[in-house]
Amino acid sequence: MNILVVGSGGREHALAWKITQSPRADRVFVAPGNAGTDYDGENVDIQPNDFAGLIRFAKENDVRLCVVGPEGPLAAGIVDAFEEAGLRAFGPRRSAAELEASKVFCKDLLRHADVPTADYQTFTDPEHALRFLKDREDVPVVVKADGLAAGKGVVVCAGRDEALQAVEQIAQQRAFGAAGNRLVIEERLDGQEASVLAITDGQTIVTLEPAQDHKAAFDGDTGPNTGGMGAYCPAPLVDSSTLHWIEEHVLVPTVHAMKRDRRPFRGVLYAGLMMTKQGPKVLEFNVRFGDPECQPLLMRLRTDLVDVLEATVEGKLDQLGPLDWDPRPAVCVVMASEGYPSNYKKGHQIRGLVDADMLPDVKVFHAGTAMSNGHVVTVGGRVLNVTALGDSIPKAKLNAYRAVKCIRWPGAWCRKDISDKAMR
Ligand code: AMP
Ligand code: GLY
């Protein structure tokens with residue numbers, strides 16, 4: 001069957017690459033894609049928010065399954081639009097995507113479902129939020145814009161002054177537009193973070209191997225927050241008994257609560273967790289594969305992904321059987337443009353890609369790349385996701401960085417410590 005992947009990052013390249021390996025996949029289209037997706041699949045010049053264009057393309061090209069990468073189109077109802085057109089799409093409908101698109105909705109659902117999460121208050125009036133902060137003890141808090149803000153609407157504050165500033169920025173200056181119409185102020189949690197992703201058809205939950213990403217720009221988790229500088233899987237921090245605990249106390253009650261709320265959840269349920277001294281607590285839910293967690297996850301998945309995606313959209317995950325994983329860990333290192341996450345230049349030619357990709361157990365997923373005059377050039381901040389398997393996490397790390405060394409363009413850089421957290 002023909003399959004359409006929507007999106008243009010490393011996650012979508014990994015999805016397209018994995019789907020292409022299925023004997024059931026004929027043509028694999030990516031809209032709009034990048035230089036890497038055009039190599040492993042076929043790029044289609046349609047933007048993810050152009051639902052009518054995507055549906056027209058799907059009908060004209062006999063697309064039997066659409067797989068949506070990013071949260072934006074999910075929150076805007078792309079799955080509903082495809083279904084209304086009589087087409088199948090993998091991902092939650094708009095009402096279920098609220099779990100990521102509204103932090104207020106998410107926190108209220110967690111509270112009602114008795115899922116462990118940080119204590120919080122929600123506000124619509126910034127004056128109330130400011131008064132709340134001034135009236136209470138000066139403790140570390142986190143201020144969050146309710147809506148989608150490309151991962152930037154969360155400010156982790158050391159104390160009251162920073163929190164007051166964050167409220168002003170989000171709710172009064174509207175730094176993230178309408179995303180700041182409502183606010184969540186919550187208790188700041190301490191611990192290591194882990195990502196536990198599950199695929200669910202609303203009934204059956206198939207939990208994936210735990211992963212960890214690296215959101216801070218620089219080594220030792222310092223510097224500004226980014227879209228993610230690397231990831232690895234599995235994360236030893238989440239052992240199998242902890243994973244079961246998370247299934248029982250986080251994933252199952254959330255899927256049930258969504259069903260009770262008449263928002264049945266289908267797709268990827270991604271729990272961002274803080275492993276606190278009192279146990280795992282939910283920081284957030286995402287309603288899609290994590291980027292870059294998806295890259296090491298799919299490197300390790302042996303099960304045919306098309307079977308998994310189709311069983312989900314058909315509500316038949318109970319018939320799928322357990323997933324088959326490569327026992328070897330995978331590490332993904334993000335190579336970024338000079339200046340990222342602030343301003344950076346585009347258009348540098350990337351060299352050494354073929355040498356890197358030829359190394360054993362290595363796959364270079366593209367993120368911010370495009371073709372220009374027959375060359376692969378940089379067009380984004382996060383450019384490549386160099387992913388490798390190895391017999392242990394240190395060996396996977398070594399393999400990934402060996403591949404990184406082959407690749408060059410002016411100003412290219414990466415963190416040097418991806419996966420070191422796993423060894424502590
Ligand atoms: P979120 O989008 O809610 O996951 O927040 C983005 C990042 O902010 C998380 O990955 C954490 O690093 C941090 N964060 C969010 N909520 C909290 C919290 N309650 N305590 C500490 N850090 C947090
Ligand atoms: N890796 C974090 C995210 O995809 O949101």
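All ligand and atom numbering here is 1-based and tracks the order in the structure. Just so it is clear, the structure is predicted and the values come from calculations on it, not from any experiment.
Residue R288 places a heavy atom less than 4.0 Å from ligand 2. At least one heavy atom of Y270 lies less than 4.0 angstrom from ligand 2. Ligand 1 has at least one atom lying under 4.0 Å from a heavy atom of K103.
Every atom of ligand 1 with a heavy atom of E186 under 4.0 Å away is listed here by number and element: 16 (N), 17 (C), 18 (C), 19 (N). Close approach to G290 involves these atoms of ligand 2, each under 4.0 Å from a residue heavy atom: 4 (O). Atoms of ligand 1 found under 4.0 Å from any heavy atom of M274, numbered from 1 in the order shown, are 21 (C), 22 (N). Residue contact check: N286 has heavy atoms under 4.0 Å from atoms 5 (O) of ligand 2.
In the candidate list D190, T276, V154, V154 is nearest to atom 7 (C) of ligand 1, counting heavy atoms. Of the candidates D221, L189, V282, V184, the one placing a heavy atom closest to atom 20 (N) of ligand 1 is L189. The nearest non-hydrogen atom to atom 9 (C) of ligand 1, considering only K144, K281, E193, comes from E193.
The existence of a salt bridge linking E310 and R64 is excluded, since no basic side-chain nitrogen approaches an acidic carboxylate oxygen closer than 4.0 Å. With respect to R11 and E293, no salt bridge is recorded, no charged nitrogen being found less than 4.0 Å from a carboxylate O. The existence of a salt bridge linking E209 and R300 is confirmed by a sub-4.0 Å separation between a basic side-chain nitrogen and an acidic carboxylate oxygen. Between D307 and R24 a salt bridge is recorded (basic side-chain N to carboxylate O distance below 4.0 Å). Salt bridge annotation for D304-K18: absent, with no cationic side-chain nitrogen under 4.0 angstrom from a carboxylate oxygen.
Looking only at atom types and distance, the side chain of E247 has a donor-acceptor partner in the side chain of T207 under 3.5 Å away. Donor-acceptor pairing under 3.5 Å is recorded for the side chains of D146 and S102. With hydrogens and angles left out, the side-chain atoms of T37 and N43 include a donor and acceptor closer than 3.5 Å.
Taking distance alone, with nitrogen or oxygen atoms compared against 3.5 Å, N225 stays at or beyond that limit from ligand 1. Checked against a 3.5 angstrom limit, the closest N/O atoms of R188 and ligand 1 fall outside it. Any N or O atom pair closer than 3.5 Å counts here, and D213 shares at least one such pair with ligand 2. In terms of polar-atom proximity, defined here as any N/O pair under 3.5 Å, E293 does make such a contact with ligand 2.
Residues F51 and F82 keep their aromatic ring centres 6.0 Å or farther apart.
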Ring pair (Phe, Tyr, Trp, His ring centres under 6.0 Å) for F132 and F123? Distances and angles first, verdict last. CA-CA 10 Å; F132 167 79; F123 299 92; 5.2 Å; yes

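Ranking the protein heavy atoms by distance from atom 2 (O) of ligand 1 puts E284 OE1, 3.0 Å first. Shortest contact from atom 17 (C) of ligand 1 to any protein heavy atom: L283 CD2, 3.4 Å. Nearest protein heavy-atom neighbour of atom 14 (N) of ligand 1: V156 CG2, 4.0 Å.
Interatomic distance, L4 CG to F90 CZ, rounded to the nearest 0.5 Å: 14.0 Å.
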